[in-house]
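Each remark here refers to the structure printed beneath this line.
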Amino acid sequence: MSLKIAVIGGGNLGIAIAEGLIDKNYCQPSDLYITRRKVAYLDGFKLKGVNVGNDNQAAAKAADVIILAVKPYQVEASCSEIKGTLKSGNVVVSVATGVDIETMSEALGNHKRVYRAMPNTAIAIGESMTCVCGADDNGDDLDMVCSLFNTVGETIVIREELMNAATVLGACGIAYAMRFIRAATQGGIEIGFHADVAQKIAAQTVKGAADLLIKHGSHPESEIDKVTTPQGCTIAGLNEMEHQGFSSAMIKGVLTSYGKI
């Protein structure tokens with residue numbers, strides 16, 4: 001039996017989640033509900049047979065799983081709005097930054113089956129790294145939430161106190177990686193490539209490097225050792241980057257973002 005899922009907030013993130021659920025056949029379009037104020041933006045989903053509208057209470061009442069894909073400042077109001085429709089078996093998942101489970105549970109009338117998920121913008125192409133946490137140890141619920149977000153990438157279960165850190169490493173991390181690719185592209189232009197060619201080489205190289213670690217389960221340094229030959233150009237470039245503070249700048253950037261959040 002297919003789960004009935006409501007996505008409250010059909011903006012970019014909510015739409016990406018909904019598209020992943022449909023593309024991976026996680027649920028039938030007729031079992032999916034999406035809401036947003038400007039319903040016309042959801043016409044594409046309507047054509048697929050998805051239930052669209054602007055009535056959050058009706059969507060929540062019809063669903064088994066409710067995904068809150070609203071802005072952080074809207075979370076408590078959205079929880080208060082739908083709390084009267086909740087059944088004890090409903091699972092509520094928020095993808096908003098910074099609103100803890102206790103706050104949401106209280107706003108939902110002390111509902112217990114509440115979870116948080118932190119995807120990143122690669123969710124738009126089904127390649128998100130999503131961190132998930134819950135206040136209890138209900139393994140079945142956690143497995144279900146993870147399977148849901150596996151439709152748009154990879155998931156990992158963490159403790160709630162690490163969710164801010166997950167935001168920095170996984171969500172802000174997209175921007176850090178983009179800045180590396182941009183810098184590598186600029187270097188590529190200096191050594192003779194046109195900008196579009198340099199960017200393609202840099203981006204695919206980063207993708208390949210990440211896949212090596214993921215598929216081999218190896219340590220970055222072991223992969224680095226494979227391409228650093230004695231007196232070679234790779235080690236010379238790496239050493240110059242370290243002299244200029246490459247690793248320390250990256251670490252300081254992560255820590256600065258964490259302090260800001």
Side-chain angles (χ1 to χ4, degrees), residues 2-27 32-34 60 63-72 74-76 78-79 82 86 88-108 111-174 210 213-214 217 254 257-258 261:
S2 179
L3 285 172
K4 296 182 184 297
I5 301 171
V7 178
I8 307 298
N12 291 335
L13 183 53
I15 284 174
I17 294 170
E19 287 175 342
L21 295 173
I22 294 171
D23 290 346
K24 295 296 181 65
N25 296 315
Y26 189 87
C27 67
L32 184 60
Y33 302 77
I34 311 175
D64 302 304
V65 180
I66 300 149
I67 300 171
L68 298 176
V70 297
K71 302 294 185 184
Q74 297 172 319
V75 170
E76 287 189 66
S78 296
C79 288
I82 68 171
L86 292 184
S88 61
N90 282 132
V91 170
V92 180
V93 187
S94 169
V95 294
T97 303
V99 185
D100 62 40
I101 289 172
E102 183 178 1
T103 298
M104 287 189 290
S105 179
E106 289 178 0
L108 289 165
H111 191 71
K112 301 302 180 185
R113 304 175 78 174
V114 181
Y115 297 83
R116 292 175 64 188
M118 180 50 59
N120 62 32
T121 56
I123 195 171
I125 57 167
E127 292 291 346
S128 176
M129 178 68 249
T130 302
C131 295
V132 174
C133 70
D136 56 37
D137 295 321
N138 189 330
D140 290 341
D141 277 356
L142 274 174
D143 287 346
M144 182 274 294
V145 173
C146 286
S147 71
L148 190 156
F149 282 94
N150 278 338
T151 65
V152 287
E154 298 287 334
T155 62
I156 187 171
V157 177
I158 63 173
R159 303 190 309 274
E160 185 174 17
E161 57 264 33
L162 288 172
M163 286 300 278
N164 282 348
T167 302
V168 172
L169 198 58
C172 301
I174 288 279
L213 299 183
I214 292 167
V254 171
S257 289
Y258 184 69
I261 202 171

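Residue numbers run from 1 in the order of the sequence given.
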Note: D141 and R113 closest approach over all heavy atoms is OD1-NH2, 2.7 Å

Is S105 reaching over with its side chain to a backbone N or O of K112, donor-acceptor style, under 3.5 angstrom? no

dist M104:CE -> H111:NE2 (nearest 0.5 Å) comes out at 11.0 Å

M144 side chain reached by L3 side chain, heavy atoms, under 4.5 Å: yes

Contact summary for C133 and R159, nearest pair of heavy atoms: CB-C, 4.2 Å

Qualifying residues under side chain to side chain donor-acceptor pair (under 3.5 Å), relative to T167, sequence neighbours excluded: none

Which atoms form the tightest heavy-atom contact between S78 and L68, and what is the distance? CB-CD2, 4.4 Å

Partner residues of D100 under the side chain to side chain contact (heavy atoms under 4.5 Å, CB included) criterion, sequence neighbours left out: E102, T103, R116, E160

So does L162 have more than 12 non-hydrogen atoms from other groups sitting under 6.0 Å from CG? yes

Reported OG1-to-CD1 distance for the pair T97 and I261, which is rounded to 0.5 angstrom: 6.0 Å

Minimum heavy-atom separation for M118 and M163, please, with both atom names. CB-CE, 3.6 Å

Quick one: does N90's side chain have a donor or acceptor within less than 3.5 Å of a partner on D64's backbone? yes

Compare every heavy atom of A63 with every heavy atom of I5, then report the nearest pair and how far apart it is. C-CB, 4.1 Å

Criterion side-chain contact (heavy atoms from CB on, under 4.5 Å) on V75 and V70, from CA distance to verdict: CA-CA 6 Å; V75 170; V70 297; 3.9 Å; yes

I need the minimum non-hydrogen distance between V93 and F149, along with the two atoms involved. CG1-CE1, 3.9 Å

Rounded to the nearest 0.5 Å, what's the gap from OH on Y26 to OG1 on T151? Could you check? 8.0 Å

From I66 atom CD1 to I82 atom CD1, the distance as rounded to the nearest 0.5 Å: 4.5 Å

Gap separating the CD1 atom of I22 from the SG atom of C27, nearest 0.5 angstrom: 6.5 Å

Distance from N164 atom CG to C131 atom SG, nearest 0.5 Å? 11.5 Å

Salt bridge (Lys or Arg N to Asp or Glu O under 4.0 Å) contacts in which one or both residues fall within residues 9-26, not counting sequence neighbours: none

Please check if atom CD1 in I158 has more than 12 non-hydrogen atoms from other residues, nucleotides or ligands closer than 6.0 Å. yes

